[in-house]
Amino acid sequence: MDPRVAIIVALSVAISSFATVDAAKLHFLSHKERDGEASNFGRCSKRDPKFDECITKNLEDAIHKLKDGSSELGLRRFEPLDIPELLIGEGKGPVNVAQHFKNVRLHGLTGSKALESSIDFDNNILRAKSITPELILEADYTMKGRVLLLPIVGDGPCNVTLINTKINHTIINERIEKKGKTYWNVKQYTVTLRPEKVIFKFDNLFDGDVRLGNEINKVLNDNWDEVFTDVRDGYESSFGLIFHSLADRVFSKVALKDIFLD
Ligand SMILES: *[C@@H]1O[C@H](CO)[C@@H](O)[C@H](O)[C@H]1NC(C)=O
Ligand SMILES: *[C@@H]1O[C@H](CO)[C@@H](O)[C@H](O)[C@H]1NC(C)=O
């Protein structure tokens, strides 16, 4: 990945998240823990023969519960998720243009369904598969370059919608101790994305030339697979960083014993 992409996304996500939870909230959290209802998350027993299923269900529940954010965990809303800036680099094939998105509102993540998951406790690795029926990226874009040899230039609102996107998640963590409790610190979060279809809508291409704009949007949509596949790496890196930040915000505040029993 272009290192600039990583930096912009990382910075953006950091800015859009609350840096810390204040003392009162932590206090509140520990109160609840004392009362035995530790957090939003159900716990799973490693001895349960259906442990993987339990984790899968709880992951999905957690995503749904975080929809509106959690003041207790200092999390902003996940639906839509605000991302100030995203840069998807050029591809190696037909997409000779960088896509620069600002004021991104990502809709649909909390509609994700967890399909399966597994945990390697010895190595602190969580693997999960999910599907998101509709992932809508609304943003202001700027582009100048070529796609499928056609010139493309514009700036304005856009909507990139990914339909039935299968996502494989690999989350590599390390254990850290804080105040006598063990937490997971997310070291690396990688994703692979396979949408069933992608719908592009870039408004105001060519200084608002509607006819040309419509033609280019049609070409992009007729060739969505080729176009998306060429820049999929960029989307995967960006989503990896977004998910990394989200996972970090949760795992840094919820101790392992509040996620897993025994
Ligand atoms: C974005 O596009 C999708 C698919 O075409 C559509 O369902 C959705 O309503 C659009 N969102 C906006 C804000 O236009
Ligand atoms: C997820 O991994 C499986 C192998 O475990 C693979 O068959 C599948 O294509 C992958 N899906 C995605 C979205 O990368």
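Each residue takes its place number in the sequence, starting with 1. Whatever order the structure lists them in is the order used to number ligands and atoms, beginning at 1.
- A 4.5 Å side-chain heavy-atom check between W184 and L126 finds at least one atom pair inside the cut-off.
- Surrounding NZ of K218 are at most 12 heavy atoms belonging to other residues, nucleotides or ligands under 6.0 Å away.
- In this structure, the side chains of I131 and I167 stay at 4.5 Å or more apart for every pair of heavy atoms.
- Applying the ring pair (Phe, Tyr, Trp, His ring centres under 6.0 Å) test to pairs two or more places apart or on separate chains, those with a residue in residues 121-177 are F51-F121, F121-F260, Y141-F202, H169-Y189, H169-F243.
- Checking only distances, T161 does come within under 3.5 Å of ligand 1, N or O to N or O.
- Among V153, I152, I88, V231, the one residue that satisfies the side-chain contact (heavy atoms from CB on, under 4.5 Å) test with V97 is I152.
- With ring centers used as reference points, F200 lies 6.0 Å or more from F228.
- Under 4.0 Å from ligand 1, the heavy atoms of E138 that appear belong solely to its side chain.
- Crowding of D207 atom CG: a count of heavy atoms from other residues, nucleotides or ligands under 6.0 Å not exceeding 12.
- Protein residues having at least one heavy atom under 4.0 Å from any atom of ligand 2 are K129, K166, N168, T192, R194, listed by chain and number.
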